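Input: a single structure, listed below in structure tokens.
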Amino acid sequence: QVQLVESGGGLAQPGGSLRLSCAASGTFFSIYDMDWWRQAPGNQRELVATISSGGSTSYADSVKGRFTISRDNADDTMYLQMNSLKPEDTAVYYCRAIVRTGRAATTYQYWGQGTQVTVSS
């Protein structure tokens, strides 16, 4: 079983910064892509940023230039540095990982429980 635990959410002022972490634990063979999603009340869950196991990244247009995704493969941890925060960034942020759990090539996706980010003055 694989568990993803997010941390680092909270309240920030517009223009401020927060750093989210997502730590993977459990028994698995390898972690492939990891990404951050967010869901605001009344909205669908949207993809924020993705990072491959090799470090390639991609971002939603709404966060480009403000958010930076990174990962530490040695610690199986992913991060999201969020700068220049805006009220519209307010949402529950979820991490997701594509995981190979054993010798077979089959992969599974796992989700964290979510962490609230609120941007308000």
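Because the structure is a prediction, the values reported are computed rather than measured. Note that the numbering runs from 1 along the sequence shown for the chain.
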For this session: Quick one: do Thr101 and Thr27 satisfy side chain to side chain contact (heavy atoms under 4.5 Å, CB included)? Show the steps, please.
Result: CA-CA 7 Å; Thr101 56; Thr27 303; over 6 Å; no
I'd like to know if Ile69 and Leu47 are part of one continuous hydrophobic network [Ile/Leu/Val/Met/Phe/Trp/Tyr, side-chain heavy atoms within less than 4.5 Å].
no
Separation between CZ (Arg66) and OG (Ser84), nearest 0.5 Å, reads 7.0 Å
Asp76/Arg71 ion pair, N-O < 4.0 Å: no
Check your understanding: Between Gln113 (side chain) and Val5 (backbone), is there a donor-acceptor pair under 3.5 Å?
Key -> no
Q) Is the backbone N or O of Thr118 less than 3.5 Å from a side-chain atom of Ser120, with the two atoms forming a donor-acceptor pair by type? A) no
- prompt: Hey, quick one: are Leu85 and Leu20 part of the same hydrophobic cluster, counting side-chain heavy atoms closer than 4.5 Å, chains of contacts allowed?
  reply: yes
Check your understanding: Any sub-3.5 Å donor-acceptor pair from Asp72's side-chain atoms to Ala74's backbone N or O?
Key -> yes
- Task: Treat each ILVMFWY residue as a node, draw an edge where side-chain heavy atoms are under 4.5 Å apart, and state whether Val48 and Tyr79 are in one component.
- Result: no
**Request:** Tell me whether Val119 is reachable from Phe67 by hopping between hydrophobic residues (I, L, V, M, F, W, Y) whose side-chain heavy atoms are closer than 4.5 Å.
**Result:** yes
- Message: Main chain of Trp111, side chain of Arg96: is a donor-acceptor contact present, judged purely on distance under 3.5 Å?
- Response: no
query: So, Gln39 side chain and Tyr93 main chain: donor-acceptor pair closer than 3.5 Å or not?
result: no
Distance col, row Leu80:CG vs Leu18:CG, nearest 0.5 angstrom, shows 9.5 Å
Residues 13-22 vs side chain to side chain donor-acceptor pair (under 3.5 Å), sequence neighbours excluded, gives Ser17-Asn83
message: Do Gln116 and Thr90 make a side-chain contact, defined as non-hydrogen atoms from C-beta onward lying under 4.5 Å apart?
response: yes
Note: with side-chain heavy atoms under 4.5 Å as the link, the other cluster members for Ile98 come out as Tyr32
(Q) Just checking Gln44: does its CD atom have more than 12 heavy atoms from other residues, nucleotides or ligands closer to it than 6.0 angstrom? (A) no
Test Val117 against Met82 for side chain to side chain contact (heavy atoms under 4.5 Å, CB included), laying out the working first.
CA-CA 10 Å; Val117 170; Met82 305 185 293; 3.9 Å; yes
So the side chain to side chain donor-acceptor pair (under 3.5 Å) pairs with at least one residue in residues 49-61 (sequence neighbours excluded) are Asp61-Lys64
Taking Asp89 first and then Arg38, would you say they form a salt bridge - that is, a charged N and a carboxylate O separated by under 4.0 Å? yes
Chi angles and distances behind the side chain to side chain contact (heavy atoms under 4.5 Å, CB included) call for Met78, Trp36: CA-CA 9 Å; Met78 174 179 63; Trp36 289 98; 3.3 Å; yes
Margin query: Are Met34 and Trp37 linked, directly or through intermediate hydrophobic residues, by side-chain heavy-atom contacts shorter than 4.5 Å (ILVMFWY only)?
Written below: no
Mind running side chain to side chain contact (heavy atoms under 4.5 Å, CB included) on Ser70 and Gln81 for me, showing each step along the way?
CA-CA 8 Å; Ser70 61; Gln81 179 65 45; over 6 Å; no
